[in-house]
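Read through the structure below, which is laid out as structure tokens, and then see the notes.
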Amino acid sequence: MPSVVTRFAPSPTGDLHIGGARTALFNWLFARRHGGKFILRIEDTDRERSTKEFVQAILDGMNWLGLAWDEGPYYQTERMDLYRKAAETLLAEGKAYRCVCTPEELERRREEMKARKEKPRYDGRCRSLPPEAAEGKPYVVRFRTPHSGQTVVRDLLRGDVTFENSELDDLVLLRTDGTPTYNFVVVVDDASMGITHVLRGDDHLNNTPKQLLIYEALGYPLPRIGHFPLIHGMEGGKMSKRDAETSVMKYKEMGYLPEAIVNYLARLGWGHGDQEIFSVGELQSLFSLEHVNLSPSRFDINKLLHLNAHYIKEADPERLAGLLIPFLKERGIDASPSAWLTRAVMTLRERARTLAEMADAAIYYFREKEADPKAAAKFLTPDIAAVLEEIAQAFSALPEFTPASMEAALSAVVEKRGGTLKIHQPIRVALTGGTASPGLFEVMDVLGREEVIRRLSSAVKRIRSN
RNA sequence: GUCCCCAUCGUCUAGUCCGGCCAAGGACACCGCCCUUUCACGGCGGCGACGGGGGUUCAAAUCCCCCUGGGGACGCCA
């Protein structure tokens, strides 16, 4: 029996969210750190909004990030008997009761309470209804929350947080259709799955006392519970699309590496001295709850971009080449893995922050790009045509086309013309269509002699036809 | 409105638990310089924070209180 069992319990009502991913990551890291078990549970009791597609999307996201679960995925819709049985027990013991108030009525009363500036909650009017009163009517099962006393959440991160029971209300356990609600299933599931550490977002802190009361009513042993802060957008408040993309898989599509996302997420709300770069292995052995921050952190795309650039530089070029192929395809370029592609990638990886940027920069390796008008006007001037022509000839006369021989040939041409000629940028523009690229000799090496000569000649032709 | 949580550079954070080593360290972004055939990478430097007020103490970013600010929760959503 592992001493630590954690879980990630997303509801399949959307893609794996960046905040959810961090919750999963922290749970996973905590389990790994303590040699425990990490369980994946799909909270799909909301049949209206849950879909198979979203389940798959969440699984894809977890897999992409490398967050391997040891057990599951469990689906709550397959465990209904368990919840119903637990509800019956509570009902039989008088710890829960049937309520016949309609949603419309409840909504109306809530509005009234808000208008009176009160905390909106159920007024408990069905509490003392005799069980027969619900016969033949649609009803929900509510938990009988004690009116007095306090419930203390012994939070792993924040210490004791005390709630007055009178502040809590009689939450719905079972809906009219008999399906259980979140606060109820989560207790039954966490208890029956032997979860030892419930680690989740701050937004659940207010739910915890209610859940604790249910644990108690059901006679379940209490897990250890900790709440970490939410991730906010750059403007504060919950992360929204206005701030940055929130779906994890969108980051894959934008050309981020999973190790960059993991590193970034781990450092968002957690720290280990001055260290910024963490491998997954390091994270697994260093992660600790004591160093998780208590205040919400803002999602800063610039830092993610920086980390991604770092991991692109570090990544195995062959792997990078493979990852780049779909991005090339999006740009209409069919490429397949090859030593040549890997070489091209090696010239590009120092200056790309994402695979998308790399693909954009790689285009001229595959086809001649139309020269940027400004660059052409500045560097492909009439007087340069003859020089480019001469260089092309010099290149074709070379016994071997290597960076060293190209450089020598180039110097010779420049020397012959007085030694002050600035020829690098014109060549760069002729070859790549722009003024920024990897080292000129690297570019020519990847392009190959034939193509270099072809593009030089084409540039000469264009200059002269103007 | 009620309840709950939080508070160090613009952002992520170290330091806070066990007050002195902090005239507050690192990273991102930004600016400048160097390297350089361009763009990057890299190197060096700069800008930049303990929200405010009271305590406690020889000493407070660190402990206590109040204020302010930010966030979250108040569903037959999770």
Side-chain angles (χ1 to χ4, degrees), chain A residues 9-13 43-46 48-50 76 99 101-103 106-107 110 113-122 138-142 153 155 157-159 161-164 166-169 171-183 185-186 200-209 227 229-230 232 234 236-238 264 267-277 290-291 293-307 309 313 348-353 361 375 379 407 410 422-425 427-429 432 434-441 443:
Chain A
S11 69
T13 54
E43 311 226 324
D44 54 354
T45 58
D46 181 356
E48 303 271 304
R49 300 194 298 153
S50 302
Q76 294 185 325
C99 165
C101 299
T102 65
L106 293 169
E107 180 57 27
R110 255 197 299 276
M113 284 186 242
K114 273 188 188 166
R116 267 182 276 133
K117 308 239 180 259
E118 284 171 23
K119 183 173 186 163
R121 55 176 194 215
Y122 182 61
Y139 65 87
V140 298
V141 175
R142 280 186 190 274
V153 177
D155 193 280
L157 280 78
R158 291 160 211 275
V161 182
T162 304
F163 293 84
E164 293 295 329
S166 56
E167 288 293 335
L168 278 20
D169 67 357
L171 71 163
V172 171
L173 264 22
L174 255 34
R175 303 181 181 100
T176 307
D177 66 0
T179 58
T181 60
Y182 167 74
N183 282 110
V185 266
V186 82
R200 65 204 347 177
D202 229 353
D203 48 343
H204 288 293
L205 184 52
N206 290 285
N207 285 145
T208 305
H227 295 91
L230 266 19
H232 285 174
M234 277 310 274
K238 278 188 176 177
Y264 179 68
R267 277 289 283 104
L268 236 203
W270 174 82
H272 186 261
D274 285 342
Q275 192 171 345
E276 298 284 348
I277 303 296
E290 296 84 77
H291 289 279
N293 269 266
L294 264 31
S295 48
S297 36
R298 298 185 178 199
F299 187 87
D300 183 1
I301 193 72
N302 275 320
K303 192 141 188 178
L304 208 209
L305 224 29
H306 170 82
L307 278 170
K313 283 194 266 294
L348 260 17
R349 62 178 171 163
E350 297 253 296
R351 56 213 99 210
R353 295 179 300 174
F379 294 108
E407 187 162 12
L410 215 58
K422 296 267 186 266
I423 198 63
H424 288 97
Q425 283 303 73
I427 297 176
R428 175 168 282 113
V429 175
T432 70
T435 54
S437 83
L440 200 48
F441 304 112
V443 171

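Letters A, B, ... are given to chains in the order of the sequence lines, protein chains preceding strands, and every chain is numbered from 1.
- C99(A) has its side chain within reach of Y122(A): a pair of non-hydrogen atoms, C-beta onward, lies under 4.5 Å apart.
- With P as the reference atom, rG25(B) and rG45(B) are 13 Å apart, rounded to whole Å.
- Here the P atom of nucleotide rU38(B) and the CD atom of E350(A) are 16 Å apart, to the nearest Å.
- As judged by a 4.0 angstrom heavy-atom cut-off over every strand, H232(A) is placed among residues touching the sugar-phosphate backbone only.
- For the P atom pair drawn from rC33(B) and rG69(B), the interatomic distance equals 43 Å after rounding to whole Å.
- Not a single donor-acceptor pair, N or O on each side, falls under 3.5 Å between the base of rC39(B) and the side chain of T435(A).
- K238(A) comes within 4.0 angstrom of the backbone, heavy atoms only, and of no base.
- Checked by distance alone, K303(A) brings a side-chain donor or acceptor within 3.5 Å of a matching partner on the base of rA27(B).
- Put simply, the side chain of H227(A) reaches to within 4.5 Å of the side chain of T208(A), judged on heavy atoms.
- Under the Watson-Crick and G-U wobble criteria, each requiring two contacts below 3.5 Å, nucleotide rC44(B) is paired to rG32(B).
- The base-pairing partner of rU62(B), taking Watson-Crick or G-U wobble contacts with both distances under 3.5 Å, does not exist among the strands shown.
- In this entry the distance linking CG of L171(A) with C1' of rA73(B) reads 14 Å, nearest Å.
- Using a 4.0 Å heavy-atom cutoff across all strands shown, T13(A) reaches no nucleic acid atom at all.
- Note: CZ (R267(A)) to P (rU13(B)) measures 7 Å, nearest angstrom.
- Judged by atom type and distance alone, R351(A) does not reach the base of rC41(B) through any side-chain donor-acceptor pair under 3.5 Å.
- In this entry the distance linking CG of L173(A) with C1' of rG75(B) reads 14 Å, nearest Å.
- In this structure, I427(A) atom CD1 and rC39(B) atom P are separated by 17 Å, rounded to whole Å.
- In this structure, Q275(A) and G237(A) both approach RNA chain B, and ranking their closest nucleotides by distance from the 5' end singles out Q275(A).
- Atom CZ of F299(A) is separated from atom C1' of rG71(B) by 19 Å (rounded to the nearest Å).
- Distances were taken from every side-chain heavy atom of D300(A) (C-beta onward) to each of rU38(B), rC28(B), rA78(B); the shortest belongs to rC28(B).
- Here S297(A) does not reach the OP1 or OP2 of rU11(B): none of its side-chain N or O atoms lies under 4.0 Å away.
- With rounding to whole Å, I301(A) atom CD1 is found 12 Å from rC28(B) atom C1'.
- Taking 4.5 Å as the limit, some side-chain heavy atom of V186(A) sits within range of a side-chain heavy atom of R200(A).
- Distance noted for atom C1' between rG55(B) and rC12(B): 33 Å (whole Å).
- Residue contacts shown for E276(A) include a base, since a base heavy atom lies under 4.0 Å away.
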Each nucleotide N or O in nucleotides 2-8 of chain B that has a protein N or O under 3.5 Å away: list the pair and distance.
unit_1 : atom_1 : unit_2  : atom_2 : d
rU2(B) : O2'    : E167(A) : OE1    : 3.4
rC5(B) : O2'    : R158(A) : NH1    : 2.4

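- Side-chain contact between Y139(A) and L174(A) is absent, with no heavy-atom pair separated by less than 4.5 Å.
- R428(A) comes within contact range of at least one nucleobase, with a heavy-atom separation under 4.0 Å.
- Pairing for rU56(B) is absent, with no Watson-Crick or G-U wobble pair whose two atom distances lie under 3.5 Å.
- In this structure, the side chains of H272(A) and H291(A) stay at 4.5 Å or more apart for every pair of heavy atoms.
- Across the protein-nucleic acid pair, Y264(A) atom OH and rC28(B) atom C1' stand 9 Å apart, rounded to whole Å.
- Residues I277(A) and L307(A) have side chains in contact (heavy-atom distance under 4.5 Å, counting atoms from C-beta outward).
- Nucleotide rG19(B) has no partner under the Watson-Crick or G-U criteria, as no pair reaches both atom distances under 3.5 Å.
- In this structure, rG69(B) forms a base pair with rC6(B), meeting either the Watson-Crick or the G-U wobble geometry with both donor-acceptor distances under 3.5 Å.
- The residue G201(A) sits apart from the nucleic acid: no heavy atom pair falls under 4.0 Å.
- Between the side chains of R267(A) and S297(A), no donor-acceptor pair of N or O atoms lies under 3.5 Å.
- Among the protein residues, R49(A) comes within range of the nucleic acid bases, having at least one heavy atom under 4.0 Å from a base atom.
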Protein heavy-atom contacts under 4.0 Å, written 5' to 3' over nucleotides 44-50 of chain B as B (base), S (sugar-phosphate only) or - (none), form the string -------
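- In this structure the side chain of H424(A) reaches within 4.5 angstrom of the side chain of L410(A), judged on heavy atoms.
- Under the stacking criterion of a centre-to-centre distance below 5.5 angstrom and an interplanar angle below 30°, H306(A) is not stacked against the six-membered ring of rC28(B).
- With hydrogens and angles disregarded, no donor-acceptor distance shorter than 3.5 Å links the side chain of T179(A) to the backbone of T45(A).
- Salt bridge absent: D300(A) and K303(A) never bring a charged side-chain N and a carboxylate O closer than 4.0 Å.
- For the pair E350(A)/K313(A), a side-chain contact is recorded, criterion being any heavy-atom separation below 4.5 Å from C-beta on.
- Proximity of R110(A) to the phosphate of rG75(B): a side-chain N or O atom is located under 4.0 Å from OP1 or OP2.
- Rounded to whole Å, the C1' atom of rG51(B) lies 15 Å from the corresponding atom of rG10(B).
- The phosphate of rC9(B) (OP1 or OP2) has no side-chain N or O of R298(A) nearer than 4.0 angstrom.
- Among the protein residues, P229(A) comes within range of no part of the nucleic acid, since none of its heavy atoms lies under 4.0 Å from any strand.
- Across all strands, T181(A) comes closer than 4.0 Å only to sugar-phosphate atoms, never to a base (heavy-atom distances).
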